[in-house]
Amino acid sequence: MKEKPLTIEELRAMPPLRTLSDEDMQRLFETTETLYLNQGDTIFNKDDNSRSIYVVTEGRAKLLQTDAAGHSMIVRIVGKGDFFGYTALFVDKDYPTSAEVIENCRLLLIQKEIALHIISNYIEACLFCIHEIANQLTLSRLNCLLLTHKQLRGRIAYTLLRMKREHGTNENGQLNVLLSREEIGKLSNMTTSNAIRTLSDLQQEKIIKMDGRQISIIDEDKLNHIAVIG
């Protein structure tokens, strides 16, 4: 990925930062770090010290929750414009998840102290954080419910529709996010082998089309039906 220097204008364009004073914007600009990471790189591990919040400006990453036995589940895919790592700011604890790059990323690191200053002094930034946390909590509860009680086909259907809703499609109608079969399985709370088999069945039924990691939803009505009936 070509390195792109951070500008104040880029920071100013982000919704929660638009109302910052010139002084606070300059301070933010001078303290924000830019990271360029490649697919497979670790951003942070669970229980790492939470010293920064992250903003994706290019690429995508996955947030993983791991249990005591070492089993992991992808709880969220973040892409351009997404903030993550912020929940640990308010409880003063370490990161509750790990984060790993799935498409070469350009990330901004905003220092914890700067982020807390902005949230404490700017209502727009504060409301943005409340909205994000509430939204993610709602989605987390919904995902937990749906991915626990649905059959395999319903889980995969729900995951594919979720990826389309959150990340959109390209000009060819393919999902914008490129995921391995293992990653789709971890998003759907199932084994990789079950994910492969279920995806293959959906392709044979001409509901989706797969070309490597690129997936197109061919019959969204049928996929919605499968997601609903589970």
Side-chain angles (χ1 to χ4, degrees), residues 1 35-110 112 129 132-150 152 154-167 175-196 198-199 212-213 215:
M1 176 181 292
L35 283 184
Y36 300 88
L37 299 176
N38 297 318
Q39 180 182 349
D41 286 347
T42 297
I43 302 170
F44 55 75
N45 290 305
K46 182 179 181 294
D47 296 328
D48 280 353
N49 188 7
S50 58
R51 288 178 266 183
S52 305
I53 65 171
Y54 294 77
V55 188
V56 183
T57 59
E58 296 292 341
R60 287 184 174 81
K62 58 186 177 184
L63 307 184
L64 300 106
Q65 187 73 58
T66 305
D67 63 20
H71 304 121
S72 62
M73 179 179 178
I74 299 176
V75 294
R76 188 183 175 197
I77 302 291
V78 290
K80 186 173 182 178
D82 286 332
F83 288 68
F84 65 99
Y86 48 78
T87 52
L89 290 178
F90 302 100
V91 291
D92 198 26
K93 292 185 177 180
D94 300 329
Y95 292 119
T97 62
S98 59
E100 183 180 311
V101 175
I102 58 174
E103 296 173 22
N104 293 355
C105 272
R106 176 179 182 254
L107 302 171
L108 304 183
L109 277 68
I110 300 176
K112 184 175 183 177
C129 286
E132 284 290 297
I133 291 172
N135 188 47
Q136 291 306 317
L137 179 60
T138 300
L139 288 175
S140 178
R141 288 174 173 170
L142 178 61
N143 293 340
C144 182
L145 178 66
L146 293 177
L147 297 180
T148 299
H149 296 288
K150 285 185 178 295
L152 299 182
R155 296 182 198 179
I156 288 287
Y158 172 76
T159 293
L160 295 178
L161 291 167
R162 176 188 172 191
M163 291 300 99
K164 180 178 181 180
R165 182 178 68 252
E166 294 180 0
H167 299 277
L175 298 180
N176 272 328
V177 57
L178 301 177
L179 300 171
S180 68
R181 304 300 185 261
E182 179 184 9
E183 288 166 336
I184 292 174
K186 287 184 176 181
L187 272 167
S188 307
N189 194 24
M190 66 176 69
T191 64
T192 303
S193 59
N194 280 336
I196 292 172
T198 306
L199 287 166
R213 293 191 177 200
I215 298 178

State, to 0.1 Å, how close [X] and [Y] come at their nearest heavy-atom pair, and which atoms those are.
X	Y	answer
Asn176	Glu103	O-OE2, 3.8 Å
Ile43	Ala61	CD1-CB, 3.7 Å
Ile53	Phe83	CD1-CD2, 4.3 Å
Ile102	Leu179	CD1-CD2, 3.7 Å
Ser52	Tyr95	O-OH, 2.6 Å

Residues at least two apart in sequence or cross-chain that pass salt bridge (Lys or Arg N to Asp or Glu O under 4.0 Å) with Arg181, listed by chain then number, are none

Q: Taking the six-membered ring for Trp and the single ring otherwise, decide whether the centroids of Phe44 and Tyr54 are under 6.0 Å apart.
A: yes

Under 3.5 Å, side chain of [X] to main-chain N/O of [Y], donor-acceptor pair present?
X	Y	result
His167	Arg60	no
Arg106	Val56	no
Glu183	Ser180	yes
Ser140	Gln136	no
Asn104	Gln39	yes

Whether the Thr138 and Asn135 side chains hold a donor-acceptor pair (N or O, under 3.5 Å, no angle test) is what I'd like checked. no

Any donor-acceptor N or O pair under 3.5 Å, side chains Ser72, Lys186:
yes

Got a sec: does the CZ of Arg213 have more than 12 other heavy atoms crowding it under 6.0 Å?
yes

Quiz item: Are the side chains of Val55 and Asp82 in touch, meaning some heavy atoms are under 4.5 Å apart?
Solution: no

